[in-house]
Amino acid sequence: MSIKVVHVSKKYGEQIAVNNLDFEINKGEIVGFLGPNGAGKSTLMKMLTGFLTPTEGVLYINDIPVIPNQKQTNKHIGYLPEHNPLYKEMFVKEYLRFIADIHKVDKSEIDKVVLQTGLNSEASKKIHQLSKGYQQRVGLAAALIHNPEVLILDEPTTGLDPNQILEIRALIKEIGKEKTVLFSTHIMQEVEAVCDRVIIINKGNLKVDEKLSTLKAGQQQIIQVEFDFKIEEQFIKQISNLVSWVNYHDNEWELTFNTQEDQRAAIFDFAQEQGLKILQMNTKNKTLETLFKEVTA
Ligand code: ADP
Ligand code: MG
């Protein structure tokens with residue numbers, strides 16, 4: 001087991017930041033660690049990396065208890081902390097040499113991670129001269145330099161622009177082919193785009209721990225459709241696979257189906273049978289987001 005969290009709690013004074021979290025992550029999994037601000041994500045990550053000691057419970061990296069073996073377990077971990085602290089006055093390669101020294105790894109590793117994180121064009125600049133997206137790559141390169149099996153990334157895309165977010169997501173996905181990755185975010189789509197599995201916490205408590213494929217299989221399909229004329233509910237009800245329907249505006253309906261199969265063609269056929277025209281039709285598959293809202297409300 002790459003990561004094992006056994007009944008772990010953390011209190012700051014009277015405040016419970018992490019409450020009895022208990023889960024395991026297998027080698028090779030990419031797990032999205034999701035929760036609103038203040039949920040306890042960073043606190044758990046800091047315990048996995050040995051920066052914080054749990055109030056209760058035990059954390060393991062590759063089956064080694066983190067406390068009191070932080071030095072050993074951190075050899076297996078690449079950690080990108082929240083807000084990506086970097087020495088911005090340093091040159092990229094200079095900084096990576098510094099990190100390589102700390103880990104006592106060979107300098108040849110620097111070129112490897114520069115290549116791996118797509119930093120080649122920026123490698124001779126000072127860190128503060130780079131865009132935020134490239135600074136994030138430097139953070140990732142530093143986390144990868146000792147070739148760890150486990151990556152712990154704390155909100156790696158927060159504060160980036162939409163293009164940079166896509167680039168960093170793609171990079172994490174690529175790196176994740178060879179590593180176990182736990183990365184935190186408060187964006188559900190991010191988890192959908194990158195992960196095999198999602199763990200949702202709220203106020204320190206575990207709310208959801210599921211494979212994404214399982215969540216998606218149970219997902220409902222929502223389609224909004226506008227017809228050119230009013231239609232009675234008794235006719236709408238005849239559309240197959242329908243579980244609920246709302247006539248929320250004039251001739252506009254929101255239809256919820258209990259299937260993943262695209263129902264748009266069926267709605268088109270239905271409209272034709274009824275002598276109606278479709279003015280607009282949109283799919284609204286927001287159910288993973290809805291789930292997130294439900295469990296974190
Ligand atoms: P997240 O990373 O999910 O936003 P955090 O782990 O940072 O959440 O915080 C969890 C809770 O613990 C929050 O309510 C936060 O205010 C509190 N907290 C975090 N760090 C400290 C600290 N050093 N001292 C006191 N409370 C803290
Ligand atoms: Mg945090």
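Just follow the structure's listing: the first ligand is 1, and inside any ligand the first atom is 1. Note that this is a predicted model, so its numbers are computed, not measured.
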ask   = Can we say E210 and R197 salt-bridge, meaning some charged N sits less than 4.0 Å from an Asp/Glu carboxylate O?
value = no
N/O/S from S42 sitting under 2.8 Å away from the Mg ion (ligand 2) = yes
query = Under 2.8 Å from the Mg ion (ligand 2), is there an N/O/S atom belonging to E82?
reply = yes
query = Does the gap between the ring centers of F51 and Y79 come in under 6.0 Å?
reply = yes
inquiry  = Quick one: does any side-chain atom of N74 pair with a main-chain N or O of T49 as donor and acceptor, under 3.5 Å?
reply    = yes
ask   = Taking the side chain from E178 and the backbone from I175, do they hold a donor-acceptor pair closer than 3.5 Å?
value = no
message = Is the shortest side-chain heavy-atom distance between T180 and I30 below 4.5 Å?
response = no
ask   = Can you name the closest pair of heavy atoms from N20 and S9 and give their distance?
value = N-OG, 2.8 Å
inquiry  = Under the ring pair (Phe, Tyr, Trp, His ring centres under 6.0 Å) definition, can you give me all pairs with a residue in residues 10-45, not counting sequence neighbours?
reply    = none
ask   = Which protein residues have a heavy atom under 4.0 Å from ligand 1?
value = Y12, Q15, A17, P36, N37, G38, A39, G40, K41, S42, T43
